[in-house]
Amino acid sequence: MSKVHTSPKGIAVWPRIDTPDTKFDEDGVFSCKLHVSEGDFKAFEAQINKQVEADYAAECSAQGKDKLRRAASCPLRITDDGEYEIYAKQKAKVHTKSKGTLEFSIASYDSQGKKIDMPKVGSGSSLKMAVEVNTWFVPSQGFGYTLRLRAVQILDLVEYGGGEGNGGFGFGAEADGYVGSGESFNETLKSEDETETSNAPF
């Protein structure tokens, strides 16, 4: 079962996807809150929960228990203002013993599914996100999960300051949307297969 899922279309709230936020983590964190419709939220939640519950059952089996405590935090939530929110994040740097420091970035695609350089995406932009389900178990918190931000499809760009402005992640073409000048996702895959890169793309 694939752990990568494409979110419904929504409105970005305080996205940090072109540059990571280093306020609370010096290594930086990319993140995006996406507000979607109630119907889209529930459909996406059902899709995510299928993966989460499969991992939960596997963790219970590994722990030799019928059930485990559930963590309080959840990346799929209804805000105090009644907004249906999907929250995804990704560390900009991860330090490992075997491979040293790994650097990550967020891939970006335009409304036609073409890979582009990441623009300055601001609040109010219309996006889809490609996210990876990451489940975990910590005895003090219980079983929980986060959504790792892998890529975004920019359907309507609002840059910093209020200016107006596929492929393998499940992004198809959207009519009348934001169009960049980059190469297609398939072209990117071909070139990456031919030339090995040192930095992980997500």
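Worth knowing before you read on, the calculation uses all heavy atoms, side chains too, and leaves out hydrogens, waters and symmetry mates.
In terms of heavy-atom proximity, L149 sits nearest to C32 at CD2-CB, 4.3 Å. The two residues P119 and E159 come nearest to each other via the heavy atoms CB-OE2, 4.5 Å. Shown here for S111 and Q153, the closest heavy-atom pair between the two residues is O-NE2, 3.4 Å.
Residues F137 and Y145 fall within the same hydrophobic cluster, defined by Ile, Leu, Val, Met, Phe, Trp and Tyr side chains chained together at heavy-atom separations under 4.5 Å. F104 and Y87 are members of different hydrophobic clusters when ILVMFWY side chains are connected at heavy-atom separations under 4.5 Å. There is a path of hydrophobic side-chain contacts, each under 4.5 Å, that joins V36 to I48.
Residue W136 belongs to a hydrophobic cluster whose other members are V138, with links defined by side-chain heavy atoms closer than 4.5 Å. Cluster partners of V13, by chain and number: W14. The rule joins Ile, Leu, Val, Met, Phe, Trp and Tyr whenever side-chain heavy atoms lie under 4.5 Å apart.
When side chains are defined from C-beta on, I154 does not count as touching Y109, because their heavy atoms never get closer than 4.5 Å. Contact check for V133 versus V52: side-chain heavy atoms found under the 4.5 Å cut-off. When side chains are defined from C-beta on, M129 counts as touching I86, because their heavy atoms get closer than 4.5 Å. Side-chain contact check for L157 versus K120: every heavy-atom pair is 4.5 Å or farther apart. Inter-residue side-chain proximity for D27 and K91 is flagged as unmet; no heavy-atom pair is nearer than 4.5 Å. Looking at heavy atoms from C-beta onward, T146 lies in side-chain contact with K89 at the 4.5 angstrom threshold.
Between E132 and R150, at least one side-chain nitrogen of the basic residue sits less than 4.0 Å from a carboxylate oxygen of the acidic one, meeting the salt-bridge criterion.
Going from atom NZ of K128 over to atom OG of S7 covers 8.0 Å, rounded to the nearest 0.5 Å. Distance check, rounded to the nearest 0.5 Å: NZ of K33 to CG of L127 gives 14.5 Å. Of the inter-residue distances, the one linking R16 atom CZ with D21 atom CG reads 4.5 Å to the nearest 0.5 angstrom. Between the CG atom in L76 and the CD atom in E45 there is a gap of 6.0 Å [rounded to 0.5 Å]. Atom CE of residue M118 and atom OG of residue S108 lie 4.0 Å apart, to the nearest 0.5 angstrom.
Using modelled atom types, no side-chain atom of T22 and backbone atom of D25 make a donor-acceptor pair closer than 3.5 Å. Between the S125 side chain and the V158 main chain, a donor and an acceptor come within less than 3.5 Å of each other.
In summary, the side chains of T135 and D55 do present a donor paired with an acceptor at a separation below 3.5 Å, with no hydrogens or angles considered.
Between F143 and Y56, the distance separating the two ring centers is shorter than 6.0 angstrom.
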